[in-house]
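Only one structure is covered here, and it is reproduced in the block below.
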Amino acid sequence: MNNVRVSKKKAINWGTVINYLLLTILVVICFYPFLNVVAYSFSSNRAVLSGTVTFFPIEMQLDAYKEIVHRGQIWTAMRVTMVVTMLGTAIGLILTVFAAYALSKDKLKGRRWISGMILFTMYFNGGIIPTFLVIKNLGMYDQLTSLYIPSAVNVFNFIVMRTFFREIPKSLEEAAYLDGATDVQILFKIVLPLSMPIIATIGLFYAVYYWNDYFNALIYIQSPEKYTLQLRLRSLLFLLESWGRQATRDWHSR
């Protein structure tokens, strides 16, 4: 019996070791690109061009970070991105909550037709050119409003929030109606306090979308002082890429 117990313990220990080993390998694979980029940012140009940089910086220097700090465009783009993210997230949450709450009620006339029209836009849209013409005719071209007004409501987020509102027990709302509460009071005093997890989740979805978005800024924004951070980094990467090609040719010609 003792031998059997010892063998079982050894098998469990080996299984744990294998699990930790596999997880460590996965972590290294996932984090290697990030560590490599960080090492590149601290390495000298000669080390980067030679291709010897892996996990650790070679000939460590801070010239790249000094260049970024001294570039005022980066901080301006950061401020623009933060404004767009906060406004877009706030407007998206407000419109999504109101639309989802109203369309979650069976007593609303035309609820199915309105929901179908909203769902239709999830699969079909006018395309880039018609959308561009609409935004230009509305006077939003080269304005920050073009980055969050056209995409104020995400249909997927709307469906998720409407489904959550439908799961709230109707008995709570019926009791509030009996006490004389209106629909607005029920929304703000009963539904929203119970919906904080889904509101936080949808708010995070909106914030990540607006923070990472660069395509709309690429199409609708022309003034450099209105560039978002992602668009500024994109232009900076193109500049560094052209500089890197020239530096590589010079380095190989030596």
Side-chain angles (χ1 to χ4, degrees), residues 78-128 130-131 134-135 137-140 143-217 220-221 226 228-230:
M78 177 74 75
R79 185 170 60 253
V80 170
T81 303
M82 292 179 65
V83 170
V84 170
T85 301
M86 289 188 293
L87 289 177
T89 303
I91 293 174
L93 273 179
I94 293 172
L95 295 179
T96 303
V97 167
F98 286 165
Y101 178 70
L103 294 173
S104 66
K105 303 303 175 185
D106 296 332
K107 63 181 180 180
L108 179 66
K109 295 182 179 180
R111 175 179 60 87
R112 295 183 180 275
W113 183 83
I114 298 173
S115 298
M117 292 296 294
I118 295 175
L119 187 62
F120 180 83
T121 63
M122 186 176 180
Y123 300 100
F124 304 97
N125 58 68
I128 296 177
T131 305
V134 169
I135 290 176
N137 291 332
L138 290 175
M140 292 191 295
Q143 301 293 328
L144 295 183
T145 52
S146 64
L147 302 181
Y148 55 86
I149 293 298
S151 56
V153 178
N154 182 279
V155 179
F156 175 79
N157 296 339
F158 159 78
I159 294 174
V160 172
M161 187 164 289
R162 185 189 61 177
T163 304
F164 185 89
F165 287 161
R166 285 180 175 176
E167 297 299 324
I168 297 177
K170 294 183 179 180
S171 58
L172 295 175
E173 299 184 15
E174 292 174 355
Y177 280 127
L178 292 176
D179 290 336
T182 63
D183 288 325
V184 176
Q185 290 175 333
I186 293 174
L187 173 62
F188 284 99
K189 294 184 179 181
I190 297 178
V191 176
L192 291 185
L194 295 174
S195 306
M196 294 309 296
I198 191 64
I199 291 175
T201 302
I202 298 301
L204 181 62
F205 287 168
Y206 277 119
V208 171
Y209 168 77
Y210 286 114
W211 183 268
N212 291 329
D213 180 53
Y214 81 94
F215 186 71
N216 289 330
Y220 304 129
I221 300 299
K226 297 178 182 178
T228 61
L229 180 62
Q230 287 69 29

- Over all heavy atoms of both residues, which pair between Phe165 and Ser195 is shortest? Give the atoms and the distance, please. CE2-OG, 3.3 Å

- Task: Could you grab the distance from atom CD1 of Ile199 to atom CG of Leu192, nearest 0.5 Å is fine?
- Result: 4.5 Å

- Note on the structure: Nearest heavy-atom contact between Val97 and Met161 is CG2-SD, 3.4 Å

- Name the orientation class of the two ring planes belonging to Phe205 and Phe156 (parallel below 30°, tilted from 30 to 60°, perpendicular beyond 60°). tilted

- Query: Which distance, rounded to the nearest 0.5 Å, do you find between the NZ of Lys170 and the CD of Glu174?
  - Reply: 8.0 Å

- Value for CG (Leu95) from OH (Tyr206), rounded to nearest 0.5 Å, stands at 7.5 Å

- Task: Provide the closest heavy-atom pair for Lys107 versus Tyr177 in the form atom of the first, atom of the second, distance.
- Result: NZ-OH, 2.9 Å

- Phe124: partners by ring pair (Phe, Tyr, Trp, His ring centres under 6.0 Å), with sequence neighbours left out: Phe120

- Message: Are Tyr101 and Ile186 packed together at the side-chain level, in the sense that at least one heavy-atom pair is separated by less than 4.5 angstrom?
- Response: yes

- Should Asn125 and Thr131 count as side-chain neighbours, where that means a heavy-atom distance under 4.5 Å? no

- For Ser115 and Arg112, indicate whether the former's side chain and the latter's backbone hold a donor-acceptor pair under 3.5 Å. no

- Task: Count the heavy atoms of every other residue, nucleotide or ligand shown that sit under 6.0 Å from CD1 of Ile128, and state whether that count exceeds 12.
- Result: no

- Message: Between Leu119 and Ile159, is there a side-chain heavy-atom distance shorter than 4.5 Å?
- Response: yes

- Query: With a 4.5 Å limit on heavy-atom distance, are the side chains of Leu103 and Ile118 in contact?
  - Reply: yes

- Message: I'd like to know whether Asp106 forms a side-chain contact (heavy atoms from CB on, under 4.5 Å) with Arg111, so could you lay out the CA-CA distance, the side-chain angles of the two residues, the decisive distance to 0.1 Å, and finally the verdict.
- Response: CA-CA 7 Å; Asp106 296 332; Arg111 175 179 60 87; 3.4 Å; yes

- Please report the shortest heavy-atom distance between Leu172 and Ile190, naming the atom on each side. O-CD1, 4.2 Å

- Task: Flag yes if more than 12 heavy atoms outside Met122 fall under 6.0 Å of its CE atom; otherwise flag no.
- Result: yes

- Is the number of heavy atoms from other residues, nucleotides or ligands under 6.0 Å of Lys105 NZ greater than 12? yes

- Query: Looking only at heavy atoms, which two atoms of Gln143 and Ile221 are closest? And how far apart?
  - Reply: O-CD1, 3.6 Å

- Message: Give me each pair satisfying side-chain hydrogen bond (donor to acceptor under 3.5 Å, both in side chains) with a member in residues 145-159, each pair once, sequence neighbours excluded.
- Response: none

- Task: For Leu187 and Phe98, run side-chain contact (heavy atoms from CB on, under 4.5 Å): C-alpha distance rounded to whole Å, both residues' side-chain angles, the deciding distance at 0.1 Å, then the answer.
- Result: CA-CA 9 Å; Leu187 173 62; Phe98 286 165; 3.7 Å; yes

- Task: Give the minimum heavy-atom separation between Thr89 and Gly203, together with the two atoms involved.
- Result: CG2-O, 3.6 Å

- Task: Without swapping roles, check the side chain of Thr81 against the backbone of Leu229 for a donor-acceptor pair under 3.5 Å.
- Result: yes

- Query: What is the distance from atom CE of Met196 to atom OG1 of Thr201, rounded to the nearest 0.5 Å?
  - Reply: 10.5 Å

